[in-house]
Amino acid sequence: MANKIIQSVKGTRDFYPEQMAVRTWLYNQMRASSEAFGYQEYDGPFLEPLALYAAKSGEELVKEQAFVFPDRGGDLITLRPELTPTLARMVARRQNQLAFPVRWWSFGPFWRYEKPQKGRAREFFQWNIDMIGVNSPEADAELAAVGANFLKRVGLSPSEVKILVNNRRLMDEQLDSIGVAPERRKAVFRLIDRRDKLSPSAWEEYAAEIGLSAAQVSGLREMLAAENLWEQSEELVRFFEAAEALEAREYLKYAPYIIRGLDYYTGTVFEARDAEGEFRAILGGGRYDNLVADVGGKPVAGVGFAMGDMVITLVLEKYGRLPALNPQPAKVLVAVFDADHLLDAYRLASEVRGFGFPTATYPEPAKLGKQFKYADKIGARVVLLLGPDEIAQNTVAVKNLSTREQTSVPRPQLRSVLAELVS
RNA sequence: GUGGCUGUAGCUCAAGUGGCAGAGCACCUGACUGUGGAUCAGGAUGUUGUGGGUUCAAGUCCCAUCAGCCACCCCA
């Protein structure tokens with residue numbers, strides 16, 4: 001009765017074994033890329049006091065998109081909408097004992113009270129990776145290289161996905177040069193961000209609305225088309241040189257229109273997108289200057305990025321790069337000949353587990369056809385059967401499900417035969 | 001939070017202007033009482049997302065609500 005099943009919470013996902021296998025696979029790829037560059041795994045609580053986000057309480061992320069509720073004692077608890085404040089606290093607490101630069105990564109669930117859409121849910125998983133305590137373009141390049149390493153690792157080519165890079169300081173200078181006052185930068189950044197969302201005429205209207213002259217608009221247009229603008233930024237020149245040495249250059253592209261919404265980015269910013277622009281950003285990050293000041297520590301600079309689990313999965317699906325994952329750990333199923341031989345089957349299963357092969361049993365007597373069908377469906381590769389004939393001859397019937405071949409294997413040889421079939 | 005599209009069996013979808021709710025795949029049983037994917041023969045399946053309303057009659061029209069999707073917002 002489908003209508004009687006209680007609905008899951010809006011914007012959450014059930015992870016059936018097939019989906020869980022994908023999530024775990026992603027997690028393993030993230031781990032591999034993080035560890036390849038010497039990053040250590042960490043995590044914080046999923047529940048945090050609302051006060052942790054107080055410094056950002058004016059921002060939409062916390063004010064409107066966080067799950068906040070009172071606990072039984074009346075304190076306001078937040079389901080973490082992001083990891084950065086937690087990271088800031090953890091760094092601040094050990095600021096005097098940590099070996100800087102700190103290189104940490106994490107993968108876990110986050111919650112945001114948003115309207116669910118494709119690639120966006122209310123409960124999602126996110127990879128966070130940061131280098132803290134260093135302020136150099138080469139550090140920025142390393143983070144971009146970790147991202148590129150991941151993209152390469154999961155089989156996405158530079159022609160399919162690109163990490164687009166820009167620099168906030170460069171943009172500030174450029175805006176200065178066309179006479180945009182510092183207090184209007186934010187509005188202009190917004191304008192830049194909407195470049196693709198508005199029609200050219202609507203875009204110009206919006207530009208006029210925020211007070212840009214015709215000359216400034218054309219200057220801005222020129223700026224946004226300047227693919228070599230990065231050559232004017234020493235930071236970006238060094239960034240791209242370092243990326244080259246880190247074998248990430250082919251995935252990187254300078255893009256003057258990349259701004260990133262978050263206010264706390266101060267230098268290099270980057271985001272990965274699929275080449276056809278079909279999806280939202282795959283990952284996003286950049287350099288920030290004042291990580292722990294908000295939670296009471298001395299300011300420390302850092303650079304990092306976050307990657308959600310949903311968009312990358314959509315991109316991998318589109319390009320057919322999700323591997324065929326078999327969520328079934330047991331490659332061996334021991335069938336039950338009949339009720340009298342059920343415990344013989346159980347003993348055999350125990351023996352095979354002792355060999356080191358994950359093994360499932362059929363936990364009740366049933367027609368053999370049903371049991372073989374079950375073995376096939378759950379993804380087992382081999383079925384073992386112990387009937388009266390086998391017991392009399394001290395053998396085991398071993399059936400290879402993919403070749404349909406069945407052999408009678410003497411018990412002493414079972415281990416080596418299975419090793420060949422299953423490993 | 002704003003606006004729009006959609007919702008029929010486990011899945012993909014049918015059911016002119018309201019008139020008995022269907023097909024393919026999947027599933028179950030058997031042919032095959034020591035063997036899975038093929039074949040054949042049978043079989044089960046829905047309060048048409050939910051709750052109201054209009055009507056002799058609602059999957060179909062109206063209202064509300066929930067969910068998914070799209071745009072905005074924001075962002076992973």
Side-chain angles (χ1 to χ4, degrees), chain A residues 1-13 16 26 30 59-66 80-84 106-129 147 190 193-194 196-198 202 259-263 265 269 271-273 278-285 304-315 333-338 341 345 362 365-391 396-408:
Chain A
M1 290 294 157
N3 59 319
K4 289 195 177 166
I5 296 173
I6 293 173
Q7 280 183 324
S8 43
V9 172
K10 180 174 181 167
T12 62
R13 293 164 292 165
Y16 288 87
L26 277 176
M30 291 164 182
E59 291 178 19
E60 179 168 354
L61 179 62
V62 175
K63 205 168 59 183
E64 290 172 30
Q65 296 190 343
R80 62 180 189 183
E82 58 164 337
L83 193 58
T84 305
S106 185
F107 179 73
F110 295 86
W111 295 265
R112 291 182 195 170
Y113 196 81
E114 296 195 88
K115 201 154 188 172
Q117 286 177 34
K118 196 173 197 173
R120 180 208 271 177
R122 287 186 172 181
E123 179 180 71
F124 58 97
F125 287 76
Q126 187 170 279
W127 176 26
N128 284 267
I129 181 162
R190 233 178 137 68
D193 208 35
R194 295 190 174 188
D196 291 330
K197 289 177 179 168
L198 300 176
I259 293 299
R260 303 294 305 154
L262 295 175
D263 292 340
Y265 290 127
V269 292
E271 66 181 42
R273 312 215 57 131
E278 183 179 341
F279 304 103
R280 301 161 189 286
I282 298 166
L283 64 83
F305 70 80
M307 185 177 91
D309 68 312
M310 300 188 72
V311 175
I312 184 65
T313 302
L314 291 171
V315 172
L333 181 117
V334 180
V336 176
F337 183 76
D338 61 21
H341 295 84
Y362 205 85
K367 297 179 75 166
L368 287 173
K370 193 174 177 184
Q371 298 188 52
F372 275 78
K373 195 168 185 178
Y374 175 76
D376 189 46
K377 279 193 159 182
I378 66 168
R381 298 232 289 265
V382 171
V383 173
L384 302 183
L385 183 62
L386 204 50
D389 296 350
E390 286 78 14
I391 290 173
V396 176
V398 177
K399 176 147 187 180
N400 180 334
L401 287 176
S402 46
T403 63
R404 314 191 79 163
E405 284 171 335
Q406 180 168 325
T407 50
S408 196

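Scope of the values below: all heavy atoms of this structure, side chains included, with no hydrogens, waters or symmetry mates. Each chain gets a letter, A, B and so on, in the order the sequences are listed, and its residues count up from 1.
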Name the nucleic acid region contacted by [X], choosing base, sugar-phosphate or nothing; use a 4.0 angstrom heavy-atom cut-off, strictly under.
X: Ala272(A); result: nothing
X: Phe110(A); result: nothing
X: Ala375(A); result: nothing
X: Gly285(A); result: nothing
X: Glu390(A); result: base

Quick one: is Arg13(A) getting a side-chain N or O under 4.0 Å of the rA67(B) phosphate, OP1 or OP2? no
Does OP1 or OP2 of rC73(B) have a side-chain N or O of Arg194(A) closer than 4.0 Å? yes
Does Thr12(A) have any side-chain hydrogen bond (donor to acceptor under 3.5 Å, both in side chains) partners at least two apart in sequence or in another chain, and if so, which? none
Among residues at least two apart in sequence or on other chains, which ones pass side-chain hydrogen bond (donor to acceptor under 3.5 Å, both in side chains) with Ser8(A)? none
Residue pairs meeting side chain to side chain donor-acceptor pair (under 3.5 Å), one or both in residues 397-406 of chain A, sequence neighbours left out, come to Asn400(A)-Ser402(A), Asn400(A)-Thr403(A), Thr403(A)-Glu405(A)
In the 5'-to-3' direction, what one-character label does each nucleotide of nucleotides 27-33 of chain B receive under the scheme B = base within less than 4.0 Å of a protein heavy atom, S = sugar-phosphate only, - = no such atom? SS-S---
Measure all distances between protein nitrogen or oxygen atoms and nitrogen or oxygen atoms of nucleotides 3-6 of chain B, and list the pairs falling under 3.5 Å.
none

Centroid distance under 5.5 Å and plane angle under 30°, Tyr374(A) vs rG36(B): no
Tell me, what's RNA chain B's dot-bracket, Watson-Crick or G-U with both distances under 3.5 Å, | for other-strand, [ ] crossing? (((((((..((((.....[..)))).(((((.......))))).....(((((..]....))))))))))))....
